[in-house]
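Notes to accompany the following structure.
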There are 2 protein chains.
Amino acid sequence: MRREGLLDAAEELLSDQGSSALTLAAVAERAGCSKGGLLYHFSSKEALIKGMVERLIEEFDELVAAQGHDTYTKNYLAATFAAVRSGRIRRWAVVTGASGNPYLLAPLREAMARWHREGLDGEPDPAAAQIVRLACEGLWDVVSHDPGLYDDSRYAELERRLLDLLSE
Amino acid sequence: MRREGLLDAAEELLSDQGSSALTLAAVAERAGCSKGGLLYHFSSKEALIKGMVERLIEEFDELVAAQGHDTYTKNYLAATFAAVRSGRIRRWAVVTGASGNPYLLAPLREAMARWHREGLDGEPDPAAAQIVRLACEGLWDVVSHDPGLYDDSRYAELERRLLDLLSE
DNA sequence: TTTACTGTACCGGCTGGACGGTTTAGTGGT
DNA sequence: ACCACTAAACCGTCCAGCCGGTACAGTAAA
């Protein structure tokens with residue numbers, strides 16, 4: 001699917017060179033196609049960014065749903081660590097791409113509200129769950145800016161401690 | 001000081017209208033001065049953004065240093081809640097402004113590495129301190145996107161629980 | 001105490017270039 | 001014949017940075 005390749009190219013461009021490098025010509029070149037080809041799939045730059053945002057949210061929701069724990073927070077925790085450890089941290093990049101138009105950020109705001117509210121009051125210890133979710137959020141942020149901050153053993157300990165918080 | 005007013009105007013523009021609204025003309029107009037006047041204080045757009053980033057980091061470091069606790073993490077926690085509760089959450093806005101050039105983000109990356117490393121191994125429970133700092137980071141993020149997510153009592157409980165984590 | 005000069009703080013019009021988007025003409029697989 | 005593009009020219013808009021001014025405060029010799 002060429003569409004996916006174009007979204008990939010746009011994300012790579014964003015994380016390598018920053019949001020001002022996201023031009024239609026650059027995305028097309030990186031994806032190995034022409035500007036016309038890009039505009040065939042995404043009729044405007046806005047549509048391209050919207051596509052990135054939607055894919056990001058969908059993929060993460062799927063990853064959360066694919067975990068097999070008994071609470072949303074535990075699934076969210078596992079999904080976050082899976083994503084962060086895999087190294088494909090496009091969240092930050094996509095967000096910077098969308099930061100030009102508040103309108104494009106709306107789905108992301110909505111998703112974030114959901115991620116931090118969903119099933120919170122049904123958990124054994126809502127405050128602990130809240131802290132764990134916030135720490136996951138922080139991890140996304142920190143790792144995006146400084147990928148080398150934590151090594152595998154740190155990740156493992158961190159995940160264990162966060163899981164402990166949810167079962168005390 | 002006109003300089004500060006220009007930085008304020010730039011930040012306001014970023015958080016109200018997104019990063020693409022950050023043009024020299026718009027900043028000047030919002031600050032009530034001319035484009036020439038703006039370029040007198042900041043010789044380029046890059047310099048303006050650099051100014052915002054630097055002020056952000058300095059102010060937060062000062063806020064941390066002004067707290068009177070016995071560990072860095074506790075000071076960091078108190079500073080975060082003070083900033084977040086005051087409603088002046090410019091961090092996200094400034095970052096989106098700088099996201100055009102990776103070069104402009106460098107000081108922020110450096111600061112973030114510092115905030116998440118400083119005195120960590122000297123704390124009674126480094127893993128707990130790490131979690132608290134990550135949760136603070138997450139709080140910045142979440143509150144920037146969804147300011148109405150938490151009310152005062154939630155903040156109070158959250159801060160108490162995070163403080164508890166540091167003294168068990 | 002007038003004059004001449006210097007530096008600071010600012011104004012606002014202009015321009016060159018980049019970028020988003022359109023169009024047109026054409027290609028190759030199915 | 002249609003889909004999924006390619007290639008390239010082109011247009012209008014927007015914006016950063018430049019530049020030639022202006023106003024004013026100090027200062028210091030004559």
Side-chain angles (χ1 to χ4, degrees), chain A residues 1-55 93-107, chain B residues 1-55 93-107:
Chain A
M1 195 69 154
R2 197 56 167 271
R3 241 184 94 96
E4 299 294 313
L6 286 163
L7 291 176
D8 290 341
E11 285 176 355
E12 286 164 26
L13 225 52
L14 281 173
S15 52
D16 291 3
Q17 289 163 250
S19 60
S20 65
L22 190 77
T23 67
L24 295 181
V27 172
E29 195 195 0
R30 180 139 198 162
C33 86
S34 69
K35 211 170 128 181
L38 165 56
L39 285 164
Y40 175 79
H41 289 287
F42 299 96
S43 58
S44 69
K45 191 178 185 180
E46 269 200 7
L48 173 67
I49 298 174
K50 206 174 154 195
M52 278 194 287
V53 170
E54 279 165 6
R55 188 174 74 162
V94 171
V95 170
T96 62
S99 69
N101 274 59
Y103 156 75
L104 292 167
L105 277 173
Chain B
M1 197 68 157
R2 197 55 164 271
R3 242 184 93 97
E4 299 294 314
L6 288 164
L7 291 175
D8 290 341
E11 285 176 356
E12 286 164 24
L13 225 51
L14 282 173
S15 52
D16 291 3
Q17 288 163 251
S19 60
S20 66
L22 190 77
T23 67
L24 295 183
V27 172
E29 194 192 1
R30 181 139 194 162
C33 86
S34 72
K35 232 169 105 175
L38 166 55
L39 285 165
Y40 174 78
H41 289 286
F42 299 96
S43 57
S44 70
K45 193 179 183 178
E46 270 200 6
L48 173 67
I49 297 172
K50 207 174 155 197
M52 278 194 287
V53 171
E54 279 165 6
R55 188 174 74 161
V94 171
V95 169
T96 61
S99 69
N101 274 57
Y103 156 75
L104 292 167
L105 277 173

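Because the structure is predicted, anything quoted here is derived from the model rather than measured. Protein chains get the first letters and strands the later ones, always in sequence-line order, with residue 1 at the start of each.
- The backbone N or O of B:Leu22 lies less than 3.5 Å from a partner atom in the side chain of B:Lys45, making a donor-acceptor pair.
- Atom pair A:Leu39:CG and C:dG20:P shows a separation of 10 Å (rounding to whole Å applied).
- Residue A:Arg3 places none of its side-chain N or O atoms closer than 4.0 Å to OP1 or OP2 of D:dC5.
- Of the listed nucleotides (C:dG20, C:dA9, D:dC5), C:dG20 has the atom at the smallest distance from the side chain of A:Leu24.
- Nearest heavy atoms, A:Asp8 versus A:Arg55: OD1-NH2, 2.8 Å.
- A donor-acceptor contact under 3.5 angstrom links the side chains of B:Ser99 and A:Ser19, judged on distance only.
- Remark: B:His41 is not in phosphate contact with C:dA9, judged by side-chain N or O atoms under 4.0 Å from OP1 or OP2.
- Using a 4.0 Å heavy-atom distance criterion, B:Leu38 is classed as making no nucleic acid contact.
- If you check D:dT6, D:dA16, C:dT8 against the side chain of B:Lys45, the one that comes closest is D:dA16.
- Counting to the nearest Å, the P atom of D:dC15 and the CD1 atom of B:Ile49 are 14 Å from each other.
- The side chain of B:Arg2 contributes an N or O atom lying less than 4.0 Å from OP1 or OP2 of C:dC10.
- Listed nucleotides C:dC10, D:dA7, D:dG17 differ in distance to B:Ser44; the shortest reach to its side chain belongs to D:dG17.
- The side chain of B:Tyr40 contributes no N or O atom lying less than 4.0 Å from OP1 or OP2 of C:dC10.
- Between A:Phe42 and A:Leu7, the shortest heavy-atom contact is CZ-CD2, 3.7 Å.
- Going from atom CD of B:Glu29 over to atom C1' of C:dC11 covers 15 Å, rounded to whole Å.
- Open room surrounds CD on A:Glu29; 12 or fewer heavy atoms of other groups in view lie less than 6.0 Å from it.
- Each of D:dT6, C:dT22, D:dG17 was ranked by its minimum atom distance to the side chain of B:Lys35; first place goes to D:dG17.
- No contact: B:Leu48 has no heavy atom under 4.0 Å from any strand.
- Closest approach to the A:Thr23 side chain among D:dC18, C:dC19, C:dC10 is made by C:dC19 (side chain taken as heavy atoms from C-beta onward).
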